[in-house]
Enquirer: 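The structure is given below, and queries will be raised subsequently.
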Number of protein chains: 2
Amino acid sequence: MGWSERFEGLASLPKEIRDELETRSQVMDVPEGTTVFAPGMHADNLLLLLSGTVRVQQVSESGREIVLYRVEAGESCVMTTACLIAHEDYAAEGITETACRAVAIPRKVFDDLAAKSDAFRQFVFSSYARRITDLFGVIEALAFQRVDIRLAQRLLKLAGAADTLDTTHQKLATELGTAREVVSRQLREFQRRGWVEQNRGSVTLIDRAALEALAAE
Amino acid sequence: MGWSERFEGLASLPKEIRDELETRSQVMDVPEGTTVFAPGMHADNLLLLLSGTVRVQQVSESGREIVLYRVEAGESCVMTTACLIAHEDYAAEGITETACRAVAIPRKVFDDLAAKSDAFRQFVFSSYARRITDLFGVIEALAFQRVDIRLAQRLLKLAGAADTLDTTHQKLATELGTAREVVSRQLREFQRRGWVEQNRGSVTLIDRAALEALAAE
DNA sequence: TGCCGTCTGTGAGTTTGTCACCGAGCCAGA
DNA sequence: TCTGGCTCGGTGACAAACTCACAGACGGCA
C-alpha cells in the first residue's frame, strides 16, 4: 500500500494514476527548521506532506512577521506552485516546524497528471481553495478582530490537547502579526485573571473555559 | 477575430482550442452594481472580463468591509472557482464596479480545456497566482503599514490619470479596511498640508508629488 | 563564577479604532 | 417653496494597539 491513499482526494484516483504518481515521485525527509520555499527560490516540485508541519509566514521589510497558515500532514504545499508563476514579488516563506516526510512531485509529473486525471485536478484546485480561505481568515482577523480574542484563539489552537505551550512572546506575536509587547501585556492580563500561567519560554493554560469564551466573541 | 486574443495567456493557445473556447462559451453583459458572486452563491461559470471591473471585497459580521482586489478587463475571476470548492465558509463577494462585458465559461468546458490544453492550465494557474499575490499584499498592508501611507497609495491608484476622485470617506475606509473617521482625519490632515481638496463626495489631488513621497515610505 | 544572549516587563508617547452625536448638504414630496 | 429624511462629513472623548527605549531576569556556557 502506497502513500497516495493517505491523501484525501488522491485515494479516489484510479489505480494506474496512483501508481504513476508513486513511481515518478520521490519520498524525502526534511529536518526541522528547513526553509522549504522562499522569495526568489526556484522550486520545481510540488510537495505533499506525509508527516510533520510546515509553517508559512510573511516577512515585511521592517522585519516584522506574520504566520499565514500551516501545512499539515495529508495536505499539499500548493502555494509554491502559485508563487513560481507569480510575476510580481511576494514575501512568503515556508519553514518546516518539525521534521517532515514529504513526497516531491516533479513539475513534469504534475503537468502530466493534471492533464490526465480529473480527480488530480480536483485535488489541486481544492488545495488552492483551502489556502485561499486560510488567507481570507488572516485578513478577516487582521482587519476586524481584537488582539486579545485572536491571542486566546491561537493559544488554544497551538496547545491542542496539551496544557502547556512551549513558545515565546515573540513567537506568539508573529503568529498574530502584532508586536511582542502587545502579547506580553495581554498575557499578563490573562495571568492576572487566572486563565494562564507563564514561565520563561512557556505558557500553561489554566482556565480553558474562560479562554474559549473569549475566543468565541 | 474572437475575444480570446485579448487575454494574455490565451492568445497563445492553438487555434482549435481557442475556437472551442469561443463556441462553447457565452458573452454576456452585466450592469453596474451586480453581485457576481457571494457566499452561498452557486456559480458554475468561470468569468473572463472583456471590459469593466469587478471589485472583490470581504465583509465581516460586524458589517465592516475591506476591498481585496479588483478584476480588470483581460483578467479572469478565478476566485469563484476556488470558492465553490471551498468547504468552509468564507465571506468574499464580487460586485461589478462598472457595466461589464464578460465571457462565461461553463464548468464542463473549463474541465475539458484544463484536461486538453497545457496553455489553458497555465492561464488558470497564473490567474490564481495573481490573486494570491494580491491577497499577500493586502495582508502585508494590514499588518505592517501605516494608514496614512496606505491612503495616499490608494488615492493615487484610484485616481489614475484623473485629478478628481468621486468617492466618499466611507468608501475609502472600505478600500483600506479601516474606519470612516480615520479616513476623515487623514484627509483633513492632507488638506491642511495642501495635498488635496475636498468636496462632498469627491477628493481632488493637488500635490501629487507629496502624496507619492508619502506613498513610497 | 561571571558573561552574554535571549526573554520578559514597563512607561511614555503616537497611531488607530470605537462610540456618540451633530450639523451640513441634497433630494423628493407636499 | 418649504420640509422632512437621508447621506455625508466633522468632532471629542476614550479605548486599543503599536512604537520606542530601556531595564531586569533567566539560562547556558566558558
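Per chain, numbering begins at 1; letters A, B, ... match sequence-line order.
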Enquirer: Does NZ or CZ of B:R193 lie under 6.0 Å from the centre of the six-membered ring of B:W195, at an angle within 45° of the ring axis?
Expert: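 Judged by the rule, B:R193 and B:W195 form a cation-pi pair.
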
Enquirer: Tell me the interatomic distance from B:E197, atom CD, to D:dG9, atom P, rounded to whole angstroms.
Expert: 15 Å

Enquirer: Expressed in angstrom and rounded to an integer, what is the separation of B:R185 atom CZ from D:dC14 atom P?
Expert: 14 Å

Enquirer: Flag the pair A:R70 and A:D134 as a salt bridge only when some basic side-chain nitrogen lies within less than 4.0 angstrom of an acidic carboxylate oxygen.
Expert: no

Enquirer: How close or far is atom P of D:dC26 from atom NE2 of A:H169, stated in whole angstroms?
Expert: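 So the two atoms are 14 Å apart, to the nearest Å.
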
Enquirer: One thing to verify: whether A:D44 and A:K108 come together as a salt bridge, which I'm taking to mean a side-chain N less than 4.0 angstrom from a carboxylate O.
Expert: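 Answer for the salt bridge query: no.
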
Enquirer: Between the side-chain atoms of B:Q170 and the base atoms of D:dC8, is any donor-acceptor pair under 3.5 Å?
Expert: no

Enquirer: Please determine, for the side chain of A:T178, which listed nucleotide (C:dG9, D:dG9, D:dC18) has the closest atom?
Expert: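 When the side chain of A:T178 is considered, D:dC18 is the closest of C:dG9, D:dG9, D:dC18.
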
Enquirer: So which nucleotide from C:dG17, D:dC20, D:dA17 ends up closest to the side chain of B:V147?
Expert: C:dG17

Enquirer: Looking for any heavy atom pair under 4.0 Å, which part of the strands does A:R146 touch: base, sugar-phosphate only, or nothing?
Expert: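 Sugar-phosphate contact only.
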
Enquirer: Using heavy atoms to find the nearest nucleotide of DNA chain D for B:K171 and B:R188 separately, return the residue whose nucleotide is more 5′.
Expert: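 Final value for this comparison: B:K171.
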
Enquirer: Distance check needed: D:dA13 C1' versus B:E181 CD, whole Å only.
Expert: 12 Å

Enquirer: Could you walk me through whether B:L50 and B:V103 satisfy the side chain to side chain contact (heavy atoms under 4.5 Å, CB included) test, starting with their C-alpha distance in whole Å, then the side-chain angles of each, then the deciding distance to 0.1 Å, before giving a yes or no?
Expert: CA-CA 7 Å; B:L50 292 169; B:V103 184; 3.6 Å; yes

Enquirer: Any side-chain to backbone donor/acceptor pair from B:E175 onto B:V67? Under 3.5 Å, distance only.
Expert: no

Enquirer: Any idea which of C:dG5, C:dG17, D:dG10 is nearest the A:R200 side chain?
Expert: C:dG5

Enquirer: If you assign A:S184 and B:R180 each to the DNA chain C nucleotide with the nearest heavy atom, which residue ends up on the more 5' nucleotide?
Expert: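 Checking each residue's closest nucleotide, the 5'-ward one belongs to A:S184.
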
Enquirer: Base, sugar-phosphate or nothing for B:Q186? Non-hydrogen atoms, less than 4.0 Å.
Expert: sugar-phosphate

Enquirer: Using a heavy-atom cut-off of under 4.0 Å over every strand shown, decide if B:R64 touches base, sugar-phosphate, or nothing.
Expert: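 Sugar-phosphate: the residue B:R64, judged by heavy atoms under 4.0 Å, touches backbone atoms but no base.
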
Enquirer: Please report the distance, rounded to the nearest Å, between CD in B:Q191 and P in D:dT11.
Expert: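 These atoms are roughly 10 Å apart.
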
Enquirer: How long is the line joining CG of B:L142 and P of D:dA17, in whole Å?
Expert: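 Computing the B:L142:CG to D:dA17:P distance gives 15 Å.
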
Enquirer: Check the distance between C:dG17's C1' and B:D148's CG and give it to me in whole angstrom.
Expert: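 Spelled out: CG on B:D148 to C1' on C:dG17 is 15 Å.
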
Enquirer: Using atom CG of B:N199 as one end and atom P of D:dG10 as the other, report the distance to the nearest whole Å.
Expert: 11 Å

